[in-house]
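Fair warning: this is a prediction, and the values are worked out from it, not measured in the lab. First the proteins, then the strands, lettered A, B, ... as listed; each starts at 1.
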Amino acid sequence: MPLSLYNTMSRSLERFQPINDEEVGLYTCGPTVYNYAHIGNLRTFLFEDLLKRTLIHLGYKVKHVMNITDVGHLTGDGDEGEDKLEKMAQKTKKTVWDIADFYTNAFFSDYGQLGMLAPTITCKATDHIPQMIDLILRLEKGGHTYVSGGNVYFSIDSIPDYGKLARLDLESLRTAVRDDVDQDSNKKNSKDFVLWFTKSKFGEQSMMWDSPWGRGFPGWHIECSAMSMHYLGEQFDIHCGGIDAIPVHHTNEIAQSEAATGKTWVNYWVHGEFLLDETGKMSKSKGEFLTLELLKKKGYDPMDYRYFCLGGHYRSQLKFSFDSLTTAKTARKNVCDRIVALKREGAQVKALESEKALSYQAAFDEHIQNDLNTPRALADLWGVLKDDGLSIDEKYSLALLFDEVFGLGLATLQVPVIETIDDPTALDLLKKRTEAKLAKDWAEADSIRQQLDALGYLVKDTASGPSLEKKM
RNA sequence: GGUGCCAUACCCAAGUGGUAAGGGAAAGGUCUGCAAAACCUUGAUUCAUCGGUUCGAAUCCGAUUGGCACCUCCA
């Protein structure tokens, strides 16, 4: 089954062909753990989970590596900013290690609640300093570095194709110098970047390691190169991230990695678009800081957000609003209700046989393989659920098959046990209403309906007589 | 200044040259004393505008208008 993916490197749809048929190597840029993730951050991780699930659905084994950036992620591209972890540590009077631990845990809590499959390997930057130093030594040997002002820099002029991922125009970048960011006078080229710091403008760096260049800490970009190559080899299949990583972070990763090995590093670069709010780009500093916890507090299930994200294509900007999220919540509830109804009728997972069922499966596969077209695939799910030409076993089997990719947890939905109401007041009122109803005293019956409503019960007049239901 | 993206019904959103998916909301109906639930029905002769290519264009090309993101911590 051919999978087509949009490769940022070629800016075109390409047929996915793994280096090794047995196992696909997938690296996803992980979180910088200095604060909670907002739902825009989480959208990117959801898209990566979707890609991984699709690969698995197609029969690949996936080795998924994700880093945890717990050091050295600076606030300025020019390498002269503050360390976010240090900044947060000062603010909260905790150690940087405590901060990193705390937000790492918070991140994985969100990760699990959104139904994302755990990475094969999760690696912390601070556990891989030796690998980073080795890589820098390799670059040094190859003549790609220079030391200036105490820091080790990567020289972009030492390679022929710097900026190929982002298609950067180096000449215009050189001339368009931003005036609101201090230039690092130690750099030979303004796009050179730091591999190892021994001198930081930000004085009180507490995470420091010994190195051949002195005690210090790694630059931001080296960690992903070092760790991905450590676990996935010098060449691997897919590297993912948000689109913002293209011009700087991924560009610099490629420069380092390919300068070190002399080989093409990654075959497929796949990037997720941003989630926008009403004002445009979502950020942590402006407007409401939208976290998964906040969504839960407002009455949404994490899976509602997952469904919401599936409703748009990963390469399109998606506009977030609570109205849209409510739409997703309702739609997901309707899907779940239908699945529960099928379970109640005793639906079983069976091998698909009918021509109709097989054609639904083929349509779904075609859509999901077409660069992960989840909106279209979701329409296929709806088609299945509404098609009376399918048996309940077929509907159920198809839905669960599709959900290998959607990850909505349909297989584990519980058929709700009908709660027996043992509230004597309510039962007494119901009895009185039934009597009033028999006596055709509609005014009294409606009054009691209202009283029960106030108590939190809904009266349903079913074929088998009036019954009570606890309101959600 | 550079690099990309987008403009489709009330809202969200697919559509990758062959005659507009899906969801939500809404309206009408069946059922019901009422209500709830469920089910059925209805939805863009049209895809920002103007040209062009083509037997055929929402889809390709050009222009115009409007919007967005990235290049700055950010996914």
Next on the checklist: With a 4.5 Å cut-off on side-chain heavy atoms, are A:H57 and A:L401 touching?
Outcome noted: yes
Checklist entry - Is it true that the side chains of A:H271 and A:H250 contain a donor and an acceptor less than 3.5 Å apart? => result yes
Item to check | Salt-bridge criterion met for A:R449 and A:D453 (N-O under 4.0 Å) | outcome: no
Next on the checklist: Side chain of A:K191, heavy atoms from C-beta onward: which of B:U72, B:A69, B:A14 has the nearest atom to it?
Outcome noted: B:U72
Checklist entry - Contact class for A:K386 (heavy atom, under 4.0 Å): base, sugar-phosphate, or nothing? => result sugar-phosphate
Checklist entry - Would one find more than 12 heavy atoms of other residues, nucleotides or ligands at under 6.0 Å from atom NZ of A:K164? => result yes
Next on the checklist: Between A:E435 and A:K432, does any side-chain N to carboxylate O distance fall below 4.0 Å?
Outcome noted: no
Checklist entry - Does any donor-acceptor pair link the side chain of A:N370 with the base of B:U16 at a separation under 3.5 Å? => result yes
Next on the checklist: Applying the Watson-Crick and G-U wobble criteria at under 3.5 Å, what pairs with B:G15? Answer none if nothing qualifies.
Outcome noted: B:U8
Checklist entry - Once you round to the nearest 0.5 Å, how far does OH of A:Y360 lie from CG of A:L381? => result 10.5 Å
Checklist entry - Under 4.0 Å between a Lys/Arg side-chain N and an Asp/Glu carboxylate O for A:R306 and A:D49? => result yes
Next on the checklist: Can you identify which nucleotide, out of B:G15, B:C71, B:G22, has its nearest atom closest to the A:N373 side chain?
Outcome noted: B:G15
Item to check | Carboxylate-amine/guanidinium contact A:K395 A:D387, below 4.0 Å | outcome: no
Checklist entry - B:C74 and B:U3: how far apart are their P atoms, nearest whole angstrom? => result 23 Å
Item to check | Rounded distance in Å between the P positions of B:G24 and B:U19 | outcome: 26 Å
Checklist entry - Please give, in whole Å, the distance from B:G22 C1' to A:F406 CZ? => result 11 Å
Item to check | Phosphate OP1/OP2 of B:G24: any A:N334 side-chain N/O under 4.0 Å | outcome: yes
Checklist entry - When you match A:C29 and A:D371 each to their closest nucleotide on RNA chain B, which lands nearer the 5' end? => result A:D371
Checklist entry - Considering only B:G22, B:A13, B:C68, which nucleotide approaches the side chain of A:P375 most closely? => result B:A13
Checklist entry - Of the nucleotides B:A21, B:A25, B:A75, which one has an atom closest to the side chain of A:R376? => result B:A21
Checklist entry - A:R11 has a side chain; which of B:U3, B:C74, B:A75 sits nearest to it? => result B:U3
Item to check | For B:U72, the Watson-Crick or wobble partner whose two distances fall under 3.5 Å | outcome: none
Next on the checklist: If I pick the P atom on B:A57 and the same atom on B:A25, what distance separates them, to the nearest angstrom?
Outcome noted: 36 Å
Next on the checklist: If I pick the P atom on B:A9 and the same atom on B:U59, what distance separates them, to the nearest angstrom?
Outcome noted: 15 Å
Checklist entry - Between A:L292 (CG) and B:A75 (P), how many Å, whole number? => result 16 Å
Checklist entry - For A:R167 and B:C70, is the shortest distance between a side-chain N/O and OP1 or OP2 below 4.0 Å? => result no
Checklist entry - Given that both distances must come in under 3.5 Å, which nucleotide forms a Watson-Crick or G-U wobble pair with B:U30? => result B:A38
Checklist entry - With a non-hydrogen cut-off below 4.0 angstrom, is A:H313 in contact with a base, only sugar-phosphate, or nothing? => result sugar-phosphate
Item to check | Separation of the P atoms in B:G33 and B:C47, to the nearest angstrom | outcome: 49 Å
Checklist entry - Taking CG from A:D453 and C1' from B:A36, how many angstroms apart are they, rounded to a whole number? => result 11 Å
Next on the checklist: Suppose you measure atom P in B:U42 against the same atom in B:G23; what distance do you get, rounded to whole Å?
Outcome noted: 13 Å
Checklist outcome for this item: Tested for ring-ring contact (aromatic ring centres under 6.0 Å, His included) against A:F236, the lone hit among A:Y268, A:W265, A:Y231 is A:W265
Item to check | Spacing between A:I39 atom CD1 and B:C74 atom P, to the nearest angstrom | outcome: 19 Å
Item to check | Pairing partner of B:U59 (Watson-Crick or G-U wobble, both distances under 3.5 Å) | outcome: none
Checklist outcome for this item: Mate of B:U46 across any strand shown (Watson-Crick or G-U wobble, both atom pairs under 3.5 Å) is none
Next on the checklist: Here's a test of your reading of the structure: between A:A379 and A:F45, which maps to the more 5' nucleotide of RNA chain B?
Outcome noted: A:A379
Checklist entry - With rounding to whole Å, what would you report as the distance between B:C50 and B:U65 at their P atoms? => result 15 Å
Item to check | Short side-chain N/O contact from A:S316 to OP1 or OP2 of B:A14, under 4.0 Å | outcome: yes
Checklist entry - A:F406 and A:Y307: aromatic ring centres closer than 6.0 Å? => result no
Checklist entry - Distance between the C1' atoms of B:A44 and B:A58, in whole angstroms? => result 12 Å
Checklist entry - Quick one: what's the B/S/- string for nucleotides 28-34 of chain B, heavy-atom cutoff under 4.0 Å, read 5' to 3'? => result -----BB
Checklist entry - Rounded to the Å, how far apart are A:Y34 OH and B:C74 P? => result 7 Å
Checklist entry - Is the A:Y36-A:F289 ring centre distance short of 6.0 angstrom? => result no
Checklist entry - Separation of A:Y457 atom OH from B:A36 atom P, in whole Å? => result 21 Å
All N/O pairs under 3.5 Å across the protein-nucleotides 8-12 of chain B interface:
none

Next on the checklist: If you define the side chain from C-beta out and look only at heavy atoms, does anything of A:I238 sit under 4.5 Å from A:L5?
Outcome noted: yes
Next on the checklist: Nearest 0.5 Å, please: how far is CZ in A:F364 from OG in A:S359?
Outcome noted: 14.0 Å
Item to check | Rounded interatomic separation in angstrom, taking CG from A:D244 and P from B:U72 | outcome: 11 Å
Checklist entry - Where the side chain of A:A331 is concerned, which of B:G23, B:A75, B:U72 is the nearest nucleotide? => result B:G23
Checklist entry - Thinking salt bridges, do A:D461 and A:R433 make one under a 4.0 Å N-O criterion? => result yes
Measure all distances between protein nitrogen or oxygen atoms and nitrogen or oxygen atoms of nucleotides 57-62 of chain B, and list the pairs falling under 3.5 Å.
none

Next on the checklist: Side chains of A:L385 and A:V335, heavy atoms from C-beta outward: is any pair under 4.5 Å?
Outcome noted: yes
Checklist entry - How long is the line joining CG of A:N252 and P of B:C71, in whole Å? => result 13 Å
